[in-house]
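Each remark here refers to the structure printed beneath this line.
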There are 2 protein chains.
Amino acid sequence: MPATPTKPRQKTKAATARQDILAVAARKMRQTGYSDMSLRDLATEVGMKAGSLYYHFASKDALATEVMCLGVEVVQQAVQTALAKQPDSTARDRLIIAMHVHIETLLSESDFSSAHIRCYPFVPDTVRNELTTVRKSYDKDWNDLICAFLDKPAEAAEVRHLRHALLGALNWSLEWFDPSRDDINAYVKSLAHLLPE
Amino acid sequence: MPATPTKPRQKTKAATARQDILAVAARKMRQTGYSDMSLRDLATEVGMKAGSLYYHFASKDALATEVMCLGVEVVQQAVQTALAKQPDSTARDRLIIAMHVHIETLLSESDFSSAHIRCYPFVPDTVRNELTTVRKSYDKDWNDLICAFLDKPAEAAEVRHLRHALLGALNWSLEWFDPSRDDINAYVKSLAHLLPE
DNA sequence: GTCTATAGACGGATAGAC
DNA sequence: GTCTATCCGTCTATAGAC
């Protein structure tokens, strides 16, 4: 079974290290916040020294930006994929699917997404600015879902309100959800029961 | 108009300074987070030097604890006062009143409450531990309101779910509400429209 | 790619004068 | 009550060896 040198699938050493750093950074940002994430500790957990991180990332800001950017992309991708599998479902069902996948990704899969949500308010302006594009893109996905569901124009206040209310109810789960006691399905069902019509 | 020395109403110098410190600390915690709030900057804004803060507070932790504790008490007091003025309203109306006062206090009045909400996830364990009592007390207020509204026992999952959903939808407003564009009344009305029955 | 070593700045906290 | 002065720790980031 020969290697395929024209299309090398194995990761380079640098790429692997990069991903390790990103994963640990996401977990630490989620747990301790942006400014309490020390690059020394981070490097130790990855198995290198602090200075070595700068081979992979230009600065702490740049690292945080990438973590938080991935945080949006991971959830967005998960939601879009799930929706693509149910092209014929009703607008209501599509909205509920999005809610389910969003909170599920947030709570079980991705430190990146929760790091984004928790750290965004306190991250330097330069970082926040670099996140506007991805954030707006994901916001638009929700706006489209809710527009279709409410059958209202995108600019309607009802659409924005419902979007903020739903994402608030979902994202706030970071503050209380305990997997040993709570159940994602049950919570989403409760939320779905609140939807109009 | 003589002073009333037996019941002096004027604040002592220390009490005034304490309150100044608390107010500025609340604003800075809300804006920059707990660990990015430097005591040097804080002292400068209050008009003193960093060392002087320690006459009023034993440590940065102690200061943060008091800010965040007040954050709960302010909202709780506002909600309880508003409810006491409408003793004969329905369970539904009482719940909506609580929602209204909660978000209004959060967004316009109190840096203390928003500092609590934003900083809680990242504050040292010792601080979090000292906040459990006040937090549980306010949680209970909401549980009672929702129990009455849903007519279910306090332990029912529906009650917990609706409490988390509503507080999530309300507290999340910290992340998007823009007073020049958004309207508290309109948002609360949208939320009330989602309530069952 | 990762290391060592360190620069340079800033953090919380304390002691003692006033 | 507030100040000055300072201790001591930690932080991000950089330079250069390997």
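Chain letters run A, B, ... following the sequence lines, proteins first and then strands; every chain starts at 1.
Between the side chains of B/Asp182 and A/His161, not a single donor N or O lies within less than 3.5 Å of an accepting N or O. A donor-acceptor contact under 3.5 angstrom links the side chains of B/Ser35 and A/Ser35, judged on distance only.
With sequence neighbours excluded, the residues that form a side chain to side chain contact (heavy atoms under 4.5 Å, CB included) with A/Ser137 are A/Gln76.
A/Ile103 places none of its side-chain heavy atoms less than 4.5 Å from the side chain of A/Phe177. Looking at heavy atoms from C-beta onward, A/Arg160 lies in side-chain contact with A/His164 at the 4.5 angstrom threshold. No side-chain heavy atom of B/Leu167 sits less than 4.5 Å from a side-chain heavy atom of A/Trp176.
Rounded to a whole Å, the CG atom of B/Asp36 is 11 Å from the C1' atom of C/dG11. Summarising the geometry, the separation between OH on B/Tyr54 and P on D/dT6 is reported as 19 Å, rounded to the nearest angstrom. Across the protein-nucleic acid pair, B/Leu42 atom CG and C/dC10 atom P stand 17 Å apart, rounded to whole Å. Residue A/Leu53 contributes atom CG, which lies 13 Å from atom P of C/dT4 at whole-angstrom precision. Following rounding to the nearest Å, A/Asp20 (CG) and C/dG1 (P) show an atom-to-atom distance of 14 Å. Nucleotide D/dT10 holds its P atom 17 Å from the CG atom of B/Leu39, rounded to whole Å. Rounded to an integer number of Å, the gap from B/Asp61 CG to C/dG12 C1' is 10 Å. Here the C1' atom of nucleotide D/dT12 and the CE atom of A/Met37 are 11 Å apart, to the nearest Å.
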Exercise. Mind running salt bridge (charged side-chain N to carboxylate O under 4.0 Å, His left out) on A/Asp111 and A/Arg27 for me, showing each step along the way?
Key: CA-CA 5 Å; A/Asp111 288 326; A/Arg27 202 187 65 238; 5.5 Å; no
Each nucleotide N or O in nucleotides 2-5 of chain D that has a protein N or O under 3.5 Å away: list the pair and distance.
residue, atom, partner, partner atom, Å
D/dT2, OP2, B/His56, NE2, 2.7
D/dC3, OP2, B/Lys49, N, 2.6
D/dC3, OP2, B/Ser52, OG, 2.8

Every protein N/O within reach of nucleotides 16-18 of chain C N/O, cut-off under 3.5 Å:
none

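Looking at heavy-atom distances under 4.0 Å, A/Ser35 makes no contact with the nucleic acid at all.
Smallest separation of non-hydrogen atoms from B/Leu107 and B/Arg30: O-NH2, 4.2 Å.
Considering only side-chain atoms of B/Arg40, the nucleotide from D/dT12, C/dG11, C/dT14 that sits closest is C/dG11.
Between A/Asp125 and A/Arg128 there is a salt bridge, since at least one side-chain N of the basic residue sits less than 4.0 Å from a carboxylate O of the acidic one.
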